[in-house]
Amino acid sequence: MNPDATAPTRTQRLRTWAARETTGGALLIGAAFLALLWANSPWREAYQALSETVIGPAALGPLPVHLDLSLSTWAADGLLAIFFFVVGVELKQEFVAGSLRNPKEAGVPMIAAVGGMAVPALVYVGVVLALGDPSALHGWAIPSATDIAFAVGVLAIFGRGLPIAIRTFLLTLAVVDDLLAIIVIAIFYTSEIHWLALLGTLVCVALFLWHVRSRKPHWFVLLPLAAVAWALMHASGVHATIAGVLLGFTVPALALHGEAKSRTTQYEHRIKPLSSGIALPVFAFFAAGVSLVDGDGPGAVIGQPVVAAIAAGLILGKLLGVLGTTALLTRLTPLRLPDGIGVRDLLPVGFLAGIGFTVSLLISELSFGDSEHTDGAKIAILGASVLAAILGAISLRWDARRARSSDMNLDGRADEVREYIGDAKDRES
């Protein structure tokens with residue numbers, strides 16, 4: 001047999017590389033760093049002009065579609081819908097066949113996710129009120145989000161040797177966090193709803209559902225349906241990325257028609273490289289380009305109350321929310337952490353949950369638009385996310401070096417831990 005017969009092609013290797021958790025985090029940081037450099041360079045006007053370049057039709061024949069959008073808006077509303085489609089697919093998989101299918105096992109990380117969203121929001125509100133800037137209250141949801149790709153990427157690099165259950169806990173927490181963030185965006189950041197367009201979106205989603213469950217769904221049917229659903233959602237007044245989530249939810253999570261793998265697994269495998277390798281970095285490039293040299297200078301931007309509020313929410317609020325909620329649950333209820341995990345392991349998880357980045361940047365744009373708070377909010381998100389990643393990395397290595405007991409979750413029986421982050425079995429999965 002030819003040993004090269006099953007060797008992956010260059011395209012397959014590229015897709016595998018782009019889908020890696022570490023790659024996604026690195027590309028996000030690189031795109032944001034490039035945007036910051038360009039936006040504060042002597043050529044910053046070119047960056048601004050590129051961001052404001054308008055493409056797309058205002059109308060299709062007699063129909064006003066209002067798709068004449070700037071490149072930065074296309075990145076936030078269009079490309080980010082691809083990311084939210086992947087989120088929807090992952091949520092469907094987890095709820096039907098993954099870590100969220102058993103509420104008893106998923107109870108602690110699910111409720112910890114609620115605490116990890118509520119406490120940062122309260123911290124944010126408290127800080128902006130204490131510093132005398134009630135006009136920034138609309139951004140209360142900014143520090144409540146967690147960037148899955150970035151957080152899991154840091155865990156993959158620095159969490160080697162720790163039980164694999166820590167990753168499962170972080171993934172469950174982040175997935176529930178994403179679901180709650182989607183609900184927050186749909187409810188609190190929608191000013192006006194055009195019901196006819198929304199009804200058209202639901203019709204397209206229903207047709208997508210019907211075809212994606214057929215024996216042989218075709219991309220030339222699914223792609224136009226998804227595009228029309230997105231355009232109608234954009235016209236409805238609800239943020240267009242919600243269309244991506246709804247479409248992702250329609251993908252079946254159990255194998256159909258004799259398939260070896262579920263379609264959620266297949267679609268995630270196909271779309272995730274596009275999401276991690278292109279959609280998210282391009283969004284970060286257009287969202288993170290904050291100029292600190294114009295106006296009153298960097299001191300005025302960094303000195304805004306919204307900066308301190310977001311930083312405190314992402315770093316302290318997330319940590320207190322995740323750790324505090326988990327400690328209360330495990331002490332006051334029968335719920336326990338999974339085998340191999342102790343409360344001390346949630347210190348790095350709490351820091352990693354404070355990496356807001358993608359969804360936080362989106363919510364900042366929805367909260368403030370082009371107001372005076374926008375630049376400060378973005379700088380705070382970028383700075384706090386990087387600091388949270390550093391603190392998470394340091395605490396992961398500290399945790400990995402400490403001796404572990406035979407009953408880390410204190411449930412009265414010895415833990416059964418067979419897999420660790422970074423071992424051979426983990427790399428094969």
Side-chain angles (χ1 to χ4, degrees), residues 21 25 99 106-124 126-127 141-159 162-181 308-332 335-338 340-360 380-381 383-402 404 408-410 421:
E21 296 151 350
S99 61
V108 175
M110 289 176 69
I111 300 173
V114 176
M117 289 193 73
V119 176
L122 292 173
V123 169
Y124 177 94
V127 172
I142 294 173
S144 64
T146 295
D147 190 299
I148 293 180
F150 201 165
V152 176
V154 175
L155 179 62
I157 296 171
F158 296 98
L162 291 170
I164 201 77
I166 294 176
R167 179 191 288 164
T168 304
F169 187 98
L170 176 62
L171 280 172
T172 303
L173 185 147
V175 164
V176 175
D177 192 301
D178 270 356
L179 177 61
L180 295 174
I310 291 173
L314 283 174
I315 296 173
L316 295 179
K318 278 288 186 182
L319 183 65
L320 293 174
V322 172
L323 273 174
T325 303
T326 304
L328 288 174
L329 278 174
T330 53
R331 289 185 180 183
L332 303 179
L335 292 175
R336 290 293 178 268
L337 289 165
I341 301 182
V343 174
R344 88 170 194 219
D345 297 311
L346 300 189
L347 177 65
V349 169
F351 282 131
L352 295 179
I355 303 174
F357 221 86
T358 305
V359 182
S360 290
I381 292 166
S385 294
V386 171
L387 180 57
I390 293 171
L391 293 172
I394 293 171
S395 57
L396 282 169
R397 296 320 306 153
W398 166 81
D399 191 22
R401 292 189 187 101
R402 292 189 66 192
R404 309 186 70 82
M408 289 294 295
N409 62 350
L410 302 178
I421 297 171

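Here the structure is a predicted model, which means the values were calculated and not measured.
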Engineer: Under the 3.5 angstrom rule, does the side chain of Ser360 hit a backbone N or O of Pro143 as a donor-acceptor pair?
Structural biologist: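 A pair under 3.5 Å: no.
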
Engineer: Just by distance, do the side chain of Thr325 and the backbone of Val322 share a donor-acceptor pair under 3.5 Å?
Structural biologist: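 Looks like no, no N/O pair under 3.5 Å.
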
Engineer: Can you find a pair of side-chain heavy atoms, one from Ile111 and one from Leu335, that are under 4.5 Å apart?
Structural biologist: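 Side-chain contact under 4.5 Å: yes.
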
Engineer: Any non-hydrogen side-chain atom of Ile166 less than 4.5 Å from a side-chain atom of Pro163?
Structural biologist: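 A side-chain contact under 4.5 Å exists here.
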
Engineer: Within the distance-only criterion (no hydrogens, no angle test), does the side chain of Lys318 pair as donor or acceptor with the backbone N or O of Gly116 below 3.5 angstrom?
Structural biologist: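 At least one qualifying donor-acceptor pair exists.
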
Engineer: Please tell me if the side chains of Leu346 and Phe169 come closer than 4.5 Å, counting only heavy atoms from C-beta onward.
Structural biologist: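 With C-beta onward as the side chain, the pair touches.
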
Engineer: Can a donor-acceptor pair be found, under 3.5 Å and without considering hydrogens, that links the side chain of Arg167 to the backbone of Val152?
Structural biologist: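 Side chain of Arg167 to backbone of Val152: no pair is present.
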
Engineer: Can you see which heavy atom on Ala312 is nearest to which on Val127, and at what distance?
Structural biologist: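 Heavy-atom minimum between the residues: CB-CG2, 4.3 Å.
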
Engineer: A side-chain contact here means heavy atoms from C-beta on lying under 4.5 Å apart; do Asp345 and Arg402 qualify?
Structural biologist: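 They are not in contact (no side-chain heavy atoms under 4.5 Å apart), so the answer is no.
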
Engineer: Do Val349 and Ile341 make a side-chain contact, defined as non-hydrogen atoms from C-beta onward lying under 4.5 Å apart?
Structural biologist: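 No, too far: nothing below the 4.5 Å cut-off.
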
Engineer: Is the backbone N or O of Asp147 less than 3.5 Å from a side-chain atom of Thr358, with the two atoms forming a donor-acceptor pair by type?
Structural biologist: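 Between the backbone of Asp147 and the side chain of Thr358 there is no qualifying donor-acceptor contact (under 3.5 Å).
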
Engineer: If you define the side chain from C-beta out and look only at heavy atoms, does anything of Ile142 sit under 4.5 Å from Ile381?
Structural biologist: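 With C-beta onward as the side chain, the pair touches.
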
Engineer: Going from CG on Leu396 to CZ on Phe158, what distance comes out if it is rounded to the nearest 0.5 angstrom?
Structural biologist: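 Spacing of CG (Leu396) from CZ (Phe158) equals 8.5 Å.
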
Engineer: Quick check: does any side chain N or O of Thr146 sit under 3.5 Å from a backbone N or O of Ala174, one acting as donor and the other as acceptor?
Structural biologist: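 Here the side-chain-to-backbone pair does not exist.
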
Engineer: Are Ile390 and Val154 side-chain neighbours, meaning at least one heavy-atom pair lies under 4.5 Å?
Structural biologist: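 Of all side-chain heavy-atom pairs linking Val154 with Ile390, none is under 4.5 Å.
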
